[in-house]
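Structure first, commentary second.
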Amino acid sequence: FPYNFTVSSLGTVGGSSKRRVLISGDFTVRVQKDNFARYALFTNHHGMPSGSTVWFINFTNFTGPLHTNERYSFAFNPSGTFDGLVTQHLTTARFFNNGSPILADADSNPPRDVPIFNADYNRGVNQINLESSVTQQDLMDQTRGGDRSAISNGVYVPNSGGNLTGGIFVKGDGTVQMGVDADGNAKYTATQGTTTKNITVNRTTQQTTVQTVGGSTETYSGLPDGVDNVGTIIYVDGAINSLKGTVQKDTEVTVSSQNDIIFTDNVVYQEYNAGPPINADDKTNLLGIVSWGGNVRVGTTAPNDVNIHGTVMARNGIFTVDGYNSGAPRGTATLLGGAITDFYGAFGQFNSSTGQVVHGYGRNFVYDSRMATGKSPPYFPSMRTFIAFTNDITDKINWQEGGSS
């Protein structure tokens, strides 16, 4: 919505000398559906599905906004560092209190449990419904080009008359590897059972090549950007037993599944700024990961100090680490993006006396600040509420002095 404005002021000195000053300018307001991607962390229930408490400790660091429809739990001094607005629905927080947890309407329990809030920590705020205006069926339809007929297990790139009509669809459990070929094009390797297809997306020529390993190779016009051409979309009607690789620098993509998604290695942007802090502020590559009915998991084969670039949603599950409660410490899990989950999954365990991580990872969740201005991965679930943005009005102000009158 474009707007123009003019402000006129008239000044008088000594009853006779007058001067008129005009200020004029223009600005635009963009109204769109709010999106869950704008949260660094969103939980419907801030605990594990079993009812166990997951604590924020000194190895927990978040930038960007956080919200839970329950309460947060803090342990030790410091109890993590939070650089964005932190909100929760319940009025009391939980504090470890040297092993004897207490609830208090407070932002710390000094000197034992003291989180560092570099912005506000607001309790008693309204709940936010995790229900999305984008449904699982919507993503399936976008990926399959609207086709709802029964199909057998396999890897599909829907097309008609030599033109792509959807995205990349996998029927049954499978694996997905993202990469960049020698010519700089995005390349996706999708495997289901004994079928593997290499899908290369050339954005310069607007063509997609599909190579079936051990079979034929076809080239189609168009990109696997779904019916609405919003961005690359991959849907697995099953579990993704391995997700890894690199998101090509010009690509916005969402990987979605019916069941669990398992990170077996790093998932990183081809272009990002190492920082500190790490960011992708001026970059184009963007990734969304959505599990509709399962969990998003960092697998046992993922490396120490794992890096995941993207915004993660487990609509009815958790974002967690396999083996978080066993084995040697695995360093830090760095997420450049955000996590939106029903329950809060564990990443590691700490020594109740020292606060040191003894199993799994410490968390370093770094907010992708592009999400704060309404950006989101393609087809990523949006809220049923709306949000508005405007450009900087002050950079378009024009001053004009009128003559005496």
Side-chain angles (χ1 to χ4, degrees), residues 40-57 59-62 73 75 80 170 172-178 189-192 234 236-246 255-268 287-352 356-366:
L41 177 67
F42 178 104
T43 56
N44 199 29
H45 308 283
H46 202 75
M48 297 180 66
S50 64
S52 298
T53 300
V54 182
W55 300 89
F56 287 147
I57 63 171
F59 291 96
T60 302
N61 297 287
F62 285 92
S73 301
V170 179
D173 296 348
T175 66
V176 175
Q177 180 172 350
M178 300 173 289
T189 300
T191 299
Q192 197 290 314
I234 302 171
V236 177
D237 191 12
I240 301 178
N241 293 322
S242 173
L243 177 62
K244 60 183 178 180
T246 301
V255 179
S256 181
S257 78
Q258 162 63 34
N259 298 320
D260 286 6
I261 298 175
I262 305 173
F263 294 108
T264 56
D265 206 335
N266 295 312
V267 173
V268 297
L287 174 64
I289 302 107
V290 181
S291 171
W292 290 95
N295 301 319
V296 179
R297 298 151 46 196
V298 179
T300 56
T301 63
N304 292 345
D305 298 315
V306 67
N307 287 275
I308 298 169
H309 298 172
T311 300
V312 174
M313 171 179 266
R315 174 63 183 80
N316 290 290
I318 59 177
F319 182 25
T320 189
V321 170
D322 289 347
Y324 71 87
N325 56 355
S326 63
R330 300 171 67 180
T332 300
T334 296
L335 175 71
L336 173 57
I340 302 94
T341 61
D342 190 15
F343 288 85
Y344 191 50
F347 266 51
Q349 284 190 334
F350 61 89
N351 184 299
S352 61
Q356 295 293 311
V357 173
V358 293
H359 305 299
Y361 297 96
R363 299 180 204 244
N364 180 34
F365 282 20
V366 181

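Values below: all heavy atoms of this structure, side chains included; hydrogens, waters and symmetry mates excluded.
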Tell me, do [X] and [Y] make a side-chain contact under 4.5 Å, heavy atoms counted?
X	Y	result
Phe350	Phe59	no
Asn307	Val267	no
Val170	Gln192	yes
Asn266	Ile308	no
Ser291	Asn259	no
Val357	Ile57	yes
Met48	Phe343	no
Ile240	Val255	yes

Which atom of Tyr324 lies closest to which atom of His359, heavy atoms considered =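 Smallest interatomic distance, heavy atoms only, reads O-CB, 3.1 Å.
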Determine all donor-acceptor pairs shorter than 3.5 Å in which one atom belongs to a side chain in residues 325-332; sequence neighbours excluded.
residue, atom, partner, partner atom, Å
Arg330, NE, Tyr361, OH, 3.2
Arg330, NH1, Asp322, O, 3.4
Arg330, NH2, Gly299, O, 3.0
Arg330, NH2, Ala302, O, 3.0
Arg330, NH2, Tyr361, OH, 2.9

Mind checking what makes side-chain hydrogen bond (donor to acceptor under 3.5 Å, both in side chains) contact with [X], not counting sequence neighbours?
X	answer
Gln258	Gln136
Ser73	Arg94
Asp260	Arg297

Check your understanding: Under the ring-ring contact (aromatic ring centres under 6.0 Å, His included) test, which residues partner Phe56, sequence neighbours left out?
Key ->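 In terms of ring-ring contact (aromatic ring centres under 6.0 Å, His included), with neighbours along the sequence ignored, Phe56 is linked to His46, Phe62, Tyr72, Phe74, Phe82, Tyr344.
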Show the atom names and distances, to 0.1 Å, of all donor-acceptor pairs under 3.5 Å that link a side chain in residues 310-321 to residues at least two apart or in another chain.
residue, atom, partner, partner atom, Å
Asn316, ND2, Trp292, O, 2.8
Thr320, OG1, Ala346, O, 2.7

In Å, rounded to the nearest 0.5 Å, how long is the span from [atom1] of [X] to [atom2] of [Y]?
X	Y	atom1	atom2	value
Ile234	Met178	CD1	CE	7.0 Å
Leu336	Thr334	CG	OG1	9.0 Å
Thr341	Leu41	OG1	CG	6.5 Å
Ser256	Ile261	OG	CD1	6.5 Å

**Q.** All side-chain contact (heavy atoms from CB on, under 4.5 Å) counterparts of Asp173, not counting sequence neighbours
**A.**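 Here the qualifying residues are Ala239, Asn241.
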field: Residues which pass side-chain contact (heavy atoms from CB on, under 4.5 Å) with Thr264, listed by chain and number, not counting sequence neighbours
entry: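 Thr264 satisfies side-chain contact (heavy atoms from CB on, under 4.5 Å) with Ser242, Lys244, Ile262, Thr301 only.
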Does Asp342 have any salt bridge (Lys or Arg N to Asp or Glu O under 4.0 Å) partners at least two apart in sequence or in another chain, and if so, which?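 Listed in chain order: nothing, the list is empty.
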| task | Could you pull out all residues at least two apart from Asp237 that satisfy salt bridge (Lys or Arg N to Asp or Glu O under 4.0 Å)? | result |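 For Asp237, the residues satisfying salt bridge (Lys or Arg N to Asp or Glu O under 4.0 Å) (neighbours in sequence not counted) are Lys171.
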